[in-house]
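The next block holds one structure in the form of structure tokens; read it before the comments.
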Amino acid sequence: AEALGGRSRIQSLRTLTIVGYGQIGQQNGGGNIDPHPYAPQKWTNVGGSTRTIDLQNGRMRLVQTATQDFVFAYERNMRGIRSDVRLDGDIAWNIGANGAPQRVGDAASRARRLDMLNNPIALVRAALDPAATLSNLRTDRASGAQAIDVTTAKGDQLTIGFDTRTRLPAWVSWVQPDTNLGEVTLRTYYTAYQAENGVQVPFGYTSVIDWRNTVTWRFYVDRVLVDAPTDDLTAPAAVRVPAPPPAAPTIQVENVAKGIWYLRGQGNSTAFEFSDHIVLYEVYASEANARAIIEKARTLVPGKPVTRAIVSHHHFDHSGGLRAAVAEGLEIITHRGNVEIFREMAGRPAKTFPDALGRSPRPIRLLPVDETLVLKDAVMEVQIYRTLNNSHMANAVIAYAPGAKTVSQGDLVDENWDLVYWGNSYPETVNFWKLDVERDLAVHGRINTYRDAIGHLRRQAANAKAFCEKAAAANFSVPGCPVTNADF
């Protein structure tokens, strides 16, 4: 506290307003086109960011605009989406596009409390609180900092590292749950301290998680206002009623052909019935959605267990149910290029925030696909093929059922997208493998005829090309433009 400007000064501060810009990583593989540890991330740029912290009352408001740094899916993502998120003690809420406040759940409350503490002044004030507990003073081997564990008055647990020369906070870390990785330790490093109105504040923030040393957030400060007037950040009456618990996923079943079902949930799956078992294509999004899909698949043919899950590719939305599927004992079928990343994901512990795999650990069982793999018995045949020429994802696979002439695929087409820049990948894959396709069973969207799916791709690819041309004419720079493969 003395290094930051003096204990009495730090404890008497009322507000901080931090204005700047930065980038958010498409977390850990969620946006990488390749699952290699050194594959570059895709970034979302953050501009017009203003974080206001009411230090005395434990309140925060963060307003910023996120602009996607690559051409994909929705034009609004490249033009920028404004968000307004808030916290008052244990109450977290958002201000919607219509200006109405909406309460969010307890998990968001904890995340925002920690986000509010991700600032040296707020952090040290919390550690000085008589209700906080300090323990385990030590030298951190990795950074050389003097580290100490803090349990705040609200029970949140963090570790602070102090620079041994300047005595300023060098970093803060905490453990948080992660759908794909069980849990991660996030560490934010503080750099470029400067004096502002008598207190030391950092002008650089970088957050890294303990998986592949992945950078998840970079922030650069333009200015810091100390004790500047702010809006009233008190939670309005409309959000003081606790948010209802999240509803259990509802899975709708559509019979596609004999022994093939389309399971519609948060993301869609396909179930294939073999002589003595059922195989799923995709366990999408989350533990809750994946378990709901698996449970529904078990009811399709009483007595036939679900034994395998084909995972289309490694992106974190598509592998969001991987740990749940492993916990349920399913063998995972995927392209060989995804094997190592899936082993890492399924091998991580989840002790502080146990998920299904954390509660029931078991090793992952993998069946890799190189170019093709055929699953066949007396009643069902499913052919698995590598996806070709896709600039969105590497190491993806589709599942083709020749008897029904269906293709199950993830991220090759979704009729709801505005635009796409890899539209040629789907027909090139189908043509290369000489498949006779009549219906498209998409993870995103719904069942389409193959002809309609190609029509959606032509429209979306043309939209991407037109968007880039329009942006260029308006001198509006969009990374990822121009799109050159819009025609196929």
Is a side-chain N or O of Thr299 found less than 3.5 angstrom from the main chain of Lys296, in a donor-acceptor match?
yes
Check: Arg240 side chain, Ala235 main-chain N or O, donor-acceptor pair, under 3.5 Å:
yes
Any sub-3.5 Å donor-acceptor pair from Thr152's side-chain atoms to Ala126's backbone N or O?
no
Could Arg61 and Asp231 be called an ion pair, given the rule that one side-chain N must be under 4.0 Å from one carboxylate O?
yes
So does Arg86 pair up with Asp88, basic N to acidic O under 4.0 Å?
no
Verify, without hydrogens or angle tests, whether Arg439 (side chain) and Val256 (backbone) share a donor-acceptor contact under 3.5 angstrom.
yes
Closest approach of Ala132 and Ala127, non-hydrogen atoms and distance?
CB-O, 4.0 Å
Has the side chain of Glu287 got a donor or acceptor atom that lies under 3.5 Å from a matching backbone atom of Ala356?
yes
Identify whether the distance between the nearest side-chain nitrogen and carboxylate oxygen of Arg446 and Glu415 falls below 4.0 Å.
yes
Answer yes or no: is there a side-chain heavy-atom contact under 4.5 Å between Leu322 and Phe316?
no
Could you report the tightest heavy-atom contact between His314 and Ala394, atom names first, then the distance?
ND1-O, 4.2 Å
Could you go through the salt bridge (Lys or Arg N to Asp or Glu O under 4.0 Å) check for Lys42 and Asp69 one step at a time?
CA-CA 7 Å; Lys42 292 185 176 179; Asp69 207 6; over 6 Å; no
Taking the six-membered ring where the residue is Trp, are the ring centres of Trp261 and Phe272 under 6.0 Å apart?
no
Verify the ring-centre separation between Tyr190 and Trp171: is it less than 6.0 angstrom?
no
Name the residue from His315, His313, His444 that meets the ring pair (Phe, Tyr, Trp, His ring centres under 6.0 Å) definition with Tyr284.
His444
Does a salt bridge link Arg187 with Asp140, judged by any charged N lying under 4.0 Å from a carboxylate O?
yes
Test item: Asn416 and Tyr74 side chains (from C-beta on) under 4.5 Å apart, heavy atoms:
yes
Verify the distance criterion only: is there a donor paired with an acceptor across the side chains of Ser312 and Glu282 at less than 3.5 Å?
yes
Answer yes or no: is there a side-chain heavy-atom contact under 4.5 Å between Ser109 and Ile91?
no
Of all heavy-atom pairs linking Gln64 and Ser49, the shortest is OE1-OG, 3.2 Å
When you check the gap from the basic side-chain N to the acidic O, do Asp210 and Arg348 get nearer than 4.0 Å?
yes
Any chance the side chains of Tyr262 and Asn268 put a donor and an acceptor closer than 3.5 Å?
yes
Enter the distance from Arg343:CZ to Ile332:CD1 here, rounded to the nearest 0.5 Å.
11.5 Å
Is Gln460 reaching over with its side chain to a backbone N or O of Trp417, donor-acceptor style, under 3.5 angstrom?
yes
Using the six-membered ring of Trp93, assess whether NZ or CZ of Arg103 lies under 6.0 Å from its centre and within 45 degrees of the ring axis.
no
Count the heavy atoms belonging to other residues, nucleotides or ligands that lie under 6.0 Å from CD of Gln102, then report whether that count exceeds 12.
no
Donor-acceptor pair, Asp84 side chain versus Gly96 backbone, under 3.5 Å?
no
Of the non-hydrogen atoms in Asn32 and Ala39, which two are nearest, and what is the gap between them?
ND2-O, 3.8 Å
Salt bridge or not for Glu344 and Arg212, using N-O below 4.0 Å?
yes
Please determine whether a side-chain nitrogen of the Lys or Arg among Lys304 and Asp276 lies less than 4.0 Å from a carboxylate oxygen of the Asp or Glu.
no
Quick check: are there more than 12 heavy atoms from other residues, nucleotides or ligands sitting under 6.0 Å from CZ of Arg365?
yes
Within a strict 4.5 Å, meaning less than it, do heavy atoms of the Val420 and Leu457 side chains meet?
yes
With a 6.0 Å cut-off on ring centres, are Tyr205 and Tyr220 close enough?
no
Verdict with supporting geometry, Leu55 and Thr15, side-chain contact (heavy atoms from CB on, under 4.5 Å):
CA-CA 5 Å; Leu55 294 162; Thr15 65; 6.0 Å; no
I would like to know whether Thr216 and Leu186 meet side-chain contact (heavy atoms from CB on, under 4.5 Å); could you show each step before the answer?
CA-CA 9 Å; Thr216 60; Leu186 181 143; 4.2 Å; yes
Is the closest basic N to carboxylate O distance between Asp90 and Arg113 below 4.0 Å?
yes
Okay, side chain of Thr334, backbone of Asn338: is any donor-acceptor separation there less than 3.5 Å?
no
Do we see a donor-acceptor contact under 3.5 Å between the side chains of Gln23 and Arg218?
yes
Rounded to the nearest 0.5 Å, how far does CD1 of Ile209 lie from CG of Leu181?
5.5 Å
For the student: nearest non-hydrogen atoms of Ala453 and Val413, plus distance
O-CG2, 3.7 Å
Any side-chain heavy-atom pair from Thr17 and Thr50 closer than 4.5 angstrom?
yes
Straight-line distance of Ser135 OG to Gln157 CD, nearest 0.5 Å:
8.5 Å
Dump the intermediate steps for side-chain contact (heavy atoms from CB on, under 4.5 Å) on Val85 and Val63, then the final yes or no.
CA-CA 7 Å; Val85 302; Val63 178; over 6 Å; no
Which heavy atom of Ala399 sits nearest a heavy atom of Val382, and at what distance?
CB-CG1, 4.0 Å
Once rounded to the nearest 0.5 Å, what's the spacing between atom CG of Asn94 and atom CZ of Arg112?
4.5 Å
So how far is it from Thr188 OG1 to Asn118 CG, rounded to the nearest 0.5 Å?
3.5 Å
Any side-chain heavy-atom pair from Ile384 and Ile333 closer than 4.5 angstrom?
yes
Salt bridge between Glu328 and Arg291, side-chain N to carboxylate O under 4.0 Å?
yes
If we ignore angles and hydrogens, is there a donor and acceptor under 3.5 Å between the side chains of Ser319 and Asn180?
yes
Please answer whether the main-chain N or O of Leu13 pairs with a side-chain N or O of Arg125 as donor and acceptor at a distance below 3.5 Å.
yes
Thr406 pairs by side-chain contact (heavy atoms from CB on, under 4.5 Å) with which of Asp440, Thr270, Ile447, Leu441?
Leu441
Taking Arg51 first and then Asp115, would you say they form a salt bridge - that is, a charged N and a carboxylate O separated by under 4.0 Å?
yes
Would you say that more than 12 heavy atoms from the other residues, nucleotides or ligands in this model lie under 6.0 Å from the CG of Asp452, or not?
yes
Euclidean distance, Leu367 CG relative to Leu375 CG, rounded to 0.5 Å
7.0 Å
Do Asp149 and Thr159 get their side chains close enough for a donor-acceptor pair, meaning under 3.5 Å?
yes
Step by step, work out the side-chain contact (heavy atoms from CB on, under 4.5 Å) result for Thr65 and Val46.
CA-CA 6 Å; Thr65 299; Val46 173; over 6 Å; no
Taking Asn448 for the side chain and Tyr450 for the main chain, is one N or O donor matched with an acceptor at less than 3.5 Å?
no
Evaluate the ring planes of Phe72 and His392, with Trp represented by its six-membered ring, and classify them as parallel (under 30°), tilted (30 to 60°) or perpendicular (over 60°).
tilted
